[in-house]
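Sequence lines set the chain letters: A, B, ... in the order given, protein chains first and strands last, and positions in each chain run from 1.
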Amino acid sequence: MIERIIAWSATKAVNQLYGGKIDPSSVVVQKTKPDFEGDFTVIIFSLVRFSKKSPETTGDELGSYLLEDISFISSYNVIKGFLNLTIRNEYWIEFLTDHFCLPDYGFIPVDENQPVVVEYSSPNTNKPLHLGHVRNNLIGWALSEILKANGKRVYRVNLVNDRGIHICKTMLAYKKWHPEEIPSFAGIKGDKFVGQLYVQYEQAAKKEREGLVAAGLTEEEAYRQSPLTREALELLNRWEEGETGVRELWHTMNQWVYEGFDQTYRRLGITFDKIYYESDTYLLGKELVNEGVEKGAFFKKDDGSVWVDLGANNMDEKLLLRSDGTSVYITQDLGTAQLRFDEFNPGQLLYVVGNEQIYHFDVLKVVLKMLGREWADRIVHVSYGMVELPQGKMKSREGTVVDADDLMDEMYQTAKKTTAALGKLDNPDDHEWQELFEMLGMGALKYFILKVDPRKNMLFNPEESIDFNGNTGPFIQYTHARIRSLLRKAAAKGFSGTDLKTDQPVELHPKEKEVLRLLNDFPGIVAEAGKNLSPAIIANYCYELAREYNQFYQEIPVLREKDQNKLVLRLALSSFTGDVLRRAMGLLGISVPEKM
RNA sequence: GGUCUCGUAGCUCAGUUGGAUAGAGCAACAGCCUUCUAAGCUGUGGGUCGCAGGUUCGAGUCCUGCCGGGAUCACCA
C-alpha cells in the first residue's frame, strides 16, 4: 500500500537525517484534504523533536528526501506542518493495469490454521424473528465474510435455544387452548403460530398474577402461586425426565418453528455450517464446574449451590449450579465454549450477542480463566447495540416488535413502488422484475442496518420507509448496474478495458484519480473492517466509492471520448469499480444487479 | 447505588492509532435529461461536536468532574 511505502521512507529519512530511532507506525500518512495540492500528506509536527528545526524546514528536508527516494512521487509542497506529496500519473495507471482484472483484489487467500468460529443468530423457539434478530444475523453473516476475505477459515454456528421454561409455556398454551390445531391449518408460518401461543400464555399469566396481587399477595408470591406458572414448571420437569408425550409435543412444535425460521433465513440469505441445540448442550459444563470445585476455584454453599467469587475482578459472586444441581445459563456456556474449542481449535471464538450480555461474557471469560483455560482470551463478544423504535426498545410482550418477515415484504413492495414511480416497470409480472425487487428491497434493508457501527444502538422508524436514495443500498446497486450497462455497450462497440496499455502517457482527470485512490484503499479497508469487526467500514467505503464514481460518470465521457487511450482507461476504471463494488457489497451479503 | 456505554446539523449517521476550515444522506430551496441508466449530478441554507476544566504545537477524538439517555449487576435466558 502506498501509504506504507511513504511512511517507511519517511522513517528512513528521520533516522538517517536526524539520528532518530522511530518505526513507520509513528509516522502519520493520510490523504491530502481536497483544498490542498497533493495526494498524500505526511504530518510533520510529531517529527520536529528529532530534527530540532521548524516544521516548515523539516517538511522541506523530508520532502526532498522522499522525492529522491520514491520514484512515484513527482513533487511536494509544505504548508505549516504538513508535507503534501503528489503522485505521478504513471503510478495510478500502472496500479490500474496491474489490478483491475484480479478476481481476488483486496482479499487474502484462506489459511486453514487458526480458524474462527462465529456464533450468531441463536434464536429462542418461542418467538418469530424480529428486527433485532435481523441485525444480529446480518452482522454475523457479514463478519464471517469479512474474516474470510482476511484469510480466515470461518465456521458459522448457531445455538438454538430449543428448551426451557419459555418453551413449556407455549406447549401449555397449545394443550389448553389450541389442541389439535396445526399451523398449516391456521394458514400461518409455524414460528408465528408458536409465537402467538407464547403471547397468549403471557397475557393469561399476567391476568392471573394481577388477580393474586389484588387478593393481597406480593409480586413474587403471585408468580410462584400462579397455577399457570406451576403447570409450566411441572411440564419442564416432565420434559427433563424425558416423558414421551411431552417430548413428542415439544419436538413437533419446535419443528413448526424451524420450518418458519428456515423461510426467514433463506430470504435473508443466512446459513450456518453447524447448528447446536440447547437440548443437546444444556447439560454440558457441569463437569467443568465440578472441576472448579475440586481445584478450589469455586465453592459450595450449605444448600448445595455452587458459586464463584469474582471479587478479584471487581465483580460479584456468581451462581454456577443451582442448589438442586441443575444448570443455569452460564453453566452451559462454559460447556459449549469447551466443546467448540475441542472441536475446532479456533484462533478466535466470536459471539455475536447483544450488548445487554456484556457482563455475562466478562464473567464467562474470567471463570474459564480460573479453570486454567488460557484460550478464554480467544473469546470475543461482538456486542452489538439494540435496534430502537421511536417509542424506545422493542418488546415482544407489548407487541412493539418489527417482524422480520413483514419487514422484508414491505421492502419488496417499496422496491416495486419505487421502480414503478420511475416509469421503468414495463411488465410487473415478469420474473426478472420480481427478482430485482427482492434484490433491491433486501439491499436497502441490509445496507440500512449494516452501515451503522455495530456497537452503537440504532433507531428504526416504521413510519418512514427505508430510503432508496442517497446513502443507501440501492444507490450502490444502481451504480453497479450503470457500470455494467456501460460495459455492455462498450463490448458491443468492440471496446474492452483489457485493451489498456501502460506505456502510453495519459493525463488523469482529478475525478479519475480520486476513484483510483479509493480503489487503491480497498485492501486496507478490508483489513480494517476485519480488525475492527465492523461491516460498517465496508458499507461506508462502498458508498464513498459509488458516490465518487457517479461524479466521474456524470462529468466525464467514456464511450463518447475520442481519444481511444482515454476511453480504454476509463473502461478499465469503470470495470474495476464495478467489481470492487460487487465484491465489497458481497461482504455485506448484498447482491448487485446487472441492470435496474 | 456499583460497573459499562452513548451524546456530532431539524432527523438518521460518518469522522482510522489526536492533525489543516468537522463530513454525508434525508428533509427544505434553486438548477441539470435531443448525449454512456436522472434510483444520478451541481449549488444554497443549516454546528458552542451535551457542559466545564485539564493534558499539548494541536482535542469531536485522550484524562477528570458534572448533566442527560441506555444497558447491566437474578437459583431468568
Side-chain angles (χ1 to χ4, degrees), chain A residues 25-26 28 30 32-33 35-36 41 43-46 48-49 55 79-82 84 122 124 161 164-166 278 301 303-307 314-316 318-324 326-330 332-333 354-360 362-363 383 385-386 388 392-393 415 418-419 421-422 424 440 444 448 451-453 455-461 464 467-479 481-490 493 524-525 528 531-532 534 536-537 539-540 543-544 546-547 550-551 553-561 570-571 574 595-596:
Chain A
S25 64
S26 48
V28 178
Q30 56 189 210
T32 304
K33 303 273 178 218
D35 314 340
F36 300 90
T41 297
I43 312 283
I44 299 300
F45 295 108
S46 54
V48 295
R49 60 200 168 96
I79 298 170
K80 294 196 285 183
F82 301 93
N84 302 319
S122 305
N124 290 353
N161 185 358
I165 185 71
H166 45 286
E278 287 200 5
K301 287 196 177 172
D303 61 5
S305 57
V306 179
W307 295 74
N314 221 354
M315 294 186 265
D316 300 329
K318 182 86 183 172
L319 177 86
L320 298 178
L321 274 183
R322 292 196 187 95
S323 49
D324 63 5
T326 57
S327 303
V328 288
Y329 182 51
I330 196 160
Q332 91 158 330
D333 263 9
N355 60 13
E356 65 224 340
Q357 293 195 32
I358 290 175
Y359 181 73
H360 171 77
D362 286 346
V363 172
S383 95
M386 298 291 105
E388 286 169 357
K393 222 184 138 178
T418 308
T419 307
L422 287 166
K424 295 185 177 184
L440 296 181
F448 174 81
K451 77 171 172 182
V452 181
D453 183 334
R455 285 168 277 276
K456 291 188 179 173
N457 288 354
M458 63 178 290
L459 190 111
F460 174 77
N461 188 350
E464 304 165 8
D467 237 300
F468 279 55
N469 297 317
N471 187 358
T472 66
F475 170 85
I476 297 160
Q477 290 171 315
Y478 176 73
T479 308
R482 227 180 191 187
I483 290 171
R484 299 302 300 167
S485 167
L486 183 71
L487 294 175
R488 278 193 300 273
K489 294 215 161 123
K493 289 187 172 186
I525 295 291
E528 196 187 332
K531 193 176 138 213
N532 295 326
S534 172
I537 290 172
N540 286 305
Y543 174 63
E544 217 180 322
R547 192 167 46 111
N550 275 319
Q551 288 172 19
Y553 181 91
Q554 205 85 22
E555 273 186 46
I556 306 172
V558 179
L559 294 175
R560 293 188 308 257
E561 173 60 53
R570 287 170 194 166
L571 278 181
S574 299
K595 43 182 133 169
M596 69 186 267

Is [X] close enough to [N] that one of its side-chain N or O atoms is under 4.0 Å from OP1 or OP2 there?
X        : N      : answer
A:Ser485 : B:rU37 : yes
A:Asn469 : B:rG40 : yes
A:Arg322 : B:rC76 : yes
A:Gln551 : B:rU42 : yes
A:Lys451 : B:rG25 : no
A:Lys424 : B:rA39 : yes
A:Lys80  : B:rG58 : no
A:Tyr478 : B:rA39 : yes

Distance, [atom1] atom - from [M] to [N], rounded to whole angstrom:
N      : M      : atom1 : value
B:rA22 : B:rG46 : C1'   : 14 Å
B:rU5  : B:rA30 : C1'   : 43 Å
B:rA14 : B:rC4  : C1'   : 24 Å
B:rA20 : B:rC13 : P     : 25 Å
B:rU55 : B:rC73 : P     : 40 Å
B:rU8  : B:rA59 : C1'   : 14 Å
B:rA28 : B:rG10 : C1'   : 10 Å
B:rG7  : B:rU17 : P     : 14 Å

Under a 3.5 Å distance rule, please check whether A:Arg484 uses its side chain to pair with a backbone N or O of A:Lys595 as donor and acceptor.
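Not at all, since once roles are kept as given, no pair shorter than 3.5 Å links the two residues.
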Test item: A:Thr419 side-chain N/O and A:Ala415 main-chain N/O as donor-acceptor pair under 3.5 Å:
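Flag set: sc A:Thr419 to bb A:Ala415 pair under 3.5 Å.
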Decide, applying a 5.5 Å centre-distance limit and a 30° plane-angle limit (both strict), whether A:Tyr553 stacks on B:rG40.
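According to the criterion (under 5.5 Å, under 30°), no, A:Tyr553 does not stack.
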Roughly, in whole Å, what's the span from [atom1] in [X] to [atom2] in [N]?
X        : N      : atom1 : atom2 : result
A:Leu319 : B:rC73 : CG    : C1'   : 14 Å
A:Glu555 : B:rG40 : CD    : P     : 17 Å
A:Asp35  : B:rG23 : CG    : P     : 8 Å
A:Asp453 : B:rC13 : CG    : P     : 11 Å
A:Lys33  : B:rG58 : NZ    : P     : 19 Å
A:His360 : B:rC76 : NE2   : P     : 15 Å
A:Asn314 : B:rG2  : CG    : P     : 12 Å
A:Met315 : B:rC4  : CE    : C1'   : 12 Å

Report which part of the nucleic acid [X] touches: base, sugar-phosphate, or nothing (heavy-atom distance under 4.0 Å, all strands).
X        : value
A:Leu459 : sugar-phosphate
A:Asn84  : base
A:Leu440 : base
A:Lys531 : nothing
A:Gln477 : nothing
A:Phe468 : base
A:Thr479 : nothing
A:Tyr359 : sugar-phosphate

Give a yes-or-no answer on whether the side chains of A:Thr479 and A:Asn550 include a donor-acceptor pair shorter than 3.5 Å.
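Judged by distance alone, the side chains do pair up.
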Return the minimal non-hydrogen interatomic distance between [X] and [Y], and the atom names on each side.
X        : Y        : answer
A:Thr41  : A:Thr32  : OG1-OG1, 2.8 Å
A:Lys451 : A:Asn540 : O-ND2, 3.6 Å
A:Met596 : A:Lys424 : O-NZ, 3.4 Å
A:Pro474 : A:Phe468 : CG-CD2, 3.4 Å
A:Ser46  : A:Ser26  : OG-O, 4.3 Å

Answer yes or no: side-chain N or O of A:Thr41 and base N or O of B:rA20 forming a donor-acceptor pair under 3.5 Å.
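Check passes, donor-acceptor contact within cut-off.
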Ignoring hydrogens and angles, are the base of B:rA39 and the side chain of A:Thr472 linked by a donor-acceptor pair under 3.5 Å?
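Not at all, since no donor on one side and acceptor on the other fall under 3.5 Å apart.
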Calculate, to the nearest 0.5 Å, the distance between atoms CD1 and CG belonging to A:Ile330 and A:Leu319 respectively.
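So the gap between those two atoms works out to 9.5 Å.
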Of all the nucleotides listed ([options]), which has the minimum atom distance to the side chain of [X]?
X        : options                : result
A:Gln30  : B:rC41, B:rC75, B:rG19 : B:rG19
A:Met458 : B:rU72, B:rC13, B:rA77 : B:rC13
A:Tyr543 : B:rA14, B:rC36, B:rG25 : B:rG25
A:Asn471 : B:rC36, B:rG70, B:rG25 : B:rG25
A:Tyr329 : B:rG70, B:rG19, B:rA77 : B:rA77
A:Val328 : B:rA77, B:rG40, B:rG19 : B:rA77
A:Asp467 : B:rC26, B:rA77, B:rC41 : B:rC26
A:Lys489 : B:rC36, B:rC75, B:rA38 : B:rC36
A:Phe36  : B:rC36, B:rA20, B:rG19 : B:rA20
A:Val452 : B:rC13, B:rU35, B:rG40 : B:rC13

Taking the nucleotide of RNA chain B with the nearest heavy atom to each, does A:Ile556 or A:His166 sit closer to the 5' end?
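Taking each residue's closest nucleotide, the earlier one in sequence belongs to A:Ile556.
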Between A:Phe460 and A:Asn161, which is nearer to the 5' end of RNA chain B once each is assigned its nearest nucleotide?
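Residue closer to the 5' terminus by nearest nucleotide: A:Phe460.
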Is the shortest distance from a Lys or Arg side-chain nitrogen in A:Arg455 or A:Asp453 to a carboxylate oxygen in the other one below 4.0 Å?
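Salt bridge present between A:Arg455 and A:Asp453.
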Any strand: nucleotide that pairs with [N] via Watson-Crick or wobble, under 3.5 Å:
N      : value
B:rC33 : none
B:rA20 : none
B:rG68 : B:rC6
B:rG46 : none

